[in-house]
Number of protein chains: 2
Amino acid sequence: MDILSKVEPRDLKLNANEWVYNSLCQLILSGEFVPGISFTFRGIANSFGVSTMPVREAANRLISEGALDMSEKRRITVSQMTQSKFDELKVARLYLEPHLAGLALNHINSKRLNLLINIDKNLDYAISTGNVVDYIKYNYQFHFGIYEAGSSPVLLPLVRTLWLRFSPFYRIVSGRAGTQTMKDFHKSAIDAIKDKDSVALINAMHSDILEGMEMLNESLNE
Amino acid sequence: MDILSKVEPRDLKLNANEWVYNSLCQLILSGEFVPGISFTFRGIANSFGVSTMPVREAANRLISEGALDMSEKRRITVSQMTQSKFDELKVARLYLEPHLAGLALNHINSKRLNLLINIDKNLDYAISTGNVVDYIKYNYQFHFGIYEAGSSPVLLPLVRTLWLRFSPFYRIVSGRAGTQTMKDFHKSAIDAIKDKDSVALINAMHSDILEGMEMLNESLNE
DNA sequence: ATTATTAATTTGTGATCACAAATATGATAG
DNA sequence: CTATCATATTTGTGATCACAAATTAATAAT
């Protein structure tokens with residue numbers, strides 16, 4: 001697989017392992033990796049043009065975060081989704097993400113608000129044109145554009161690991177179900193931010209997550 | 001620091017990095033590591049009698065889980081607690097752990113129940129004698145003795161990372177505040193398990209976590 | 001054609017080495 | 001005694017190598 005073309009070039013201020021880690025995260029979160037796909041340390045190392053060392057550190061980290069699996073066949077794979085995994089991811093997201101948004105609310109300035117509005121515009125366009133890859137990308141940017149405003153030291157990294165776990169699955173399902181059926185709770189989230197209404201923001205995020213996850217759940221039971 | 005004496009001997013079926021990881025986890029969760037203490041890869045490697053490679057993998061994993069920090073001074077340290085970290089850990093625990101206990105309830109057989117009763121007995125003794133180290137150990141065993149019954153693939157590892165984060169801090173505070181003031185919601189949890197009463201178990205766990213974390217919070221504000 | 005057996009290749013793991021950057025140490029000057 | 005600078009040591013990082021275990025390919029047998 002041609003990986004380098006889909007990845008940001010290396011910033012030499014960053015360590016090699018961080019570059020590889022960030023790149024793999026980006027590939028996972030953008031739905032580029034599909035469940036079941038498998039790699040080897042040496043294969044990834046060749047793709048990135050580095051030795052196996054930084055790849056081992058990056059991949060092992062993703063394995064410990066649950067985003068990747070080390071199969072018993074000595075291969076690194078993107079985990080398959082199961083019903084119990086999905087149910088727990090849904091519960092964790094519903095508990096943590098609205099709260100995280102609430103924590104971030106007071107740190108969202110007008111510049112960030114405009115950024116969110118712009119992201120949501122791109123999101124609408126992706127939906128109308130059925131562009132699944134862009135949909136996933138802008139949906140991530142919207143959610144974490146809110147969450148990252150608060151820079152929560154515990155919940156933010158935690159929620160990020162949840163997204164690393166379901167994003168590959170998201171890609172498959174969206175490819176089948178399409179993006180037409182998705183409602184858009186982002187508008188009410190933006191209104192809540194404008195009004196500095198914490199409760200309304202929490203409700204909007206909750207509804208958005210619930211609807212998105214239930215759509216995924218339907219596809220899981222096909 | 002003499003580490004090997006406080007750690008289980010290596011099971012040769014396990015990889016070296018897993019042995020080191022499990023051992024470091026045990027040391028953190030038992031309160032053996034106090035916030036601020038610092039290490040180097042080579043130092044840990046010498047203590048365990050292995051090369052730096054498995055130590056790098058184990059320590060980097062703990063760093064990515066938030067249990068350890070890589071300081072800007074090139075040292076691996078046990079993270080200091082801050083108020084915002086603490087608040088987020090408290091919220092995450094209160095949201096996730098009672099739910100996790102609820103998921104596990106139906107998988108707790110009589111053998112495990114007896115184990116829990118026995119652990120709680122040891123816990124009472126530790127409280128009555130003011131043995132902080134044992135208190136931490138048996139409290140962990142009690143909680144995870146419940147949680148692990150359900151083998152939840154997402155929530156269980158997630159909650160474990162929360163414990164890795166606050167356990168070192170727990171040790172310090174318990175050393176100051178003592179164990180006398182701690183109430184014991186474990187009894188009502190055991191009753192709820194006997195009755196297969198999910199709601200009662202969730203409430204008991206919630207109260208237990210809330211009380212424990214509020215005691216810690218008082219010490220944080222001294 | 002299908003299965004069983006052997007050989008060849010590839011894999012993750014752990015150890016070792018080189019290296020730049022950071023830290024600690026020591027000497028020197030005020 | 002304190003501050004400053006040069007030197008020596010230690011650090012994390014990344015590359016390379018050895019090796020056993022596992023996978024894959026190739027061969028032989030039915």
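Here the structure is a predicted model, which is why all the values come from computation and not from measurement. Note on naming: letters A, B, ... go to the chains in the order of the sequence lines (proteins, then strands), and numbering restarts at 1 for each one.
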(request) Quick one: which residue pairs count as a salt bridge (charged side-chain N to carboxylate O under 4.0 Å, His left out) with a foot in residues 43-59 of chain A, not counting sequence neighbours? (result) A:Arg56-B:Glu57, A:Glu57-B:Arg56
(request) Would you mind reading off the distance between A:Phe39 atom CZ and C:dG12 atom P, rounded to a whole angstrom? (result) 12 Å
(message) Using the side chain to side chain contact (heavy atoms under 4.5 Å, CB included) criterion, which residues pair with A:Pro157? Sequence neighbours excluded.
(response) none
(message) By nearest heavy atom, map A:Arg75 and B:Ile76 onto DNA chain D; which one lands nearer the 5' end?
(response) B:Ile76
(request) Let me know the distance between CD of A:Glu72 and C1' of D:dA21, rounded to the nearest Å. (result) 14 Å
(request) Mind checking side chain to side chain contact (heavy atoms under 4.5 Å, CB included) for A:Ala92 and listing every partner two or more places apart, or none if nothing turns up? (result) A:Leu162, B:Leu96, B:Leu155
Contacts under 3.5 Å, N or O only, protein and nucleotides 13-20 of chain D:
{"residue": "D:dG14", "atom": "OP1", "partner": "A:Ala16", "partner atom": "N", "Å": "2.3"}
{"residue": "D:dG14", "atom": "OP2", "partner": "A:Asn17", "partner atom": "ND2", "Å": "2.7"}
{"residue": "D:dG14", "atom": "N7", "partner": "B:Arg56", "partner atom": "NH1", "Å": "3.2"}
{"residue": "D:dG14", "atom": "N7", "partner": "B:Arg56", "partner atom": "NH2", "Å": "3.0"}
{"residue": "D:dG14", "atom": "O6", "partner": "B:Arg56", "partner atom": "NH1", "Å": "3.3"}
{"residue": "D:dA15", "atom": "OP2", "partner": "A:Ser51", "partner atom": "N", "Å": "2.9"}
{"residue": "D:dA15", "atom": "OP2", "partner": "A:Ser51", "partner atom": "OG", "Å": "2.3"}
{"residue": "D:dA15", "atom": "O5'", "partner": "A:Ser51", "partner atom": "OG", "Å": "3.4"}

(message) Can you list everything that forms a side chain to side chain contact (heavy atoms under 4.5 Å, CB included) with B:Leu14? Sequence neighbours excluded, please.
(response) B:Asp11, B:Glu18, B:Asn22
(request) Hey, could you give me each pair passing salt bridge (charged side-chain N to carboxylate O under 4.0 Å, His left out) that has a residue in residues 93-116 of chain A? Not counting sequence neighbours. (result) A:Arg93-A:Glu97
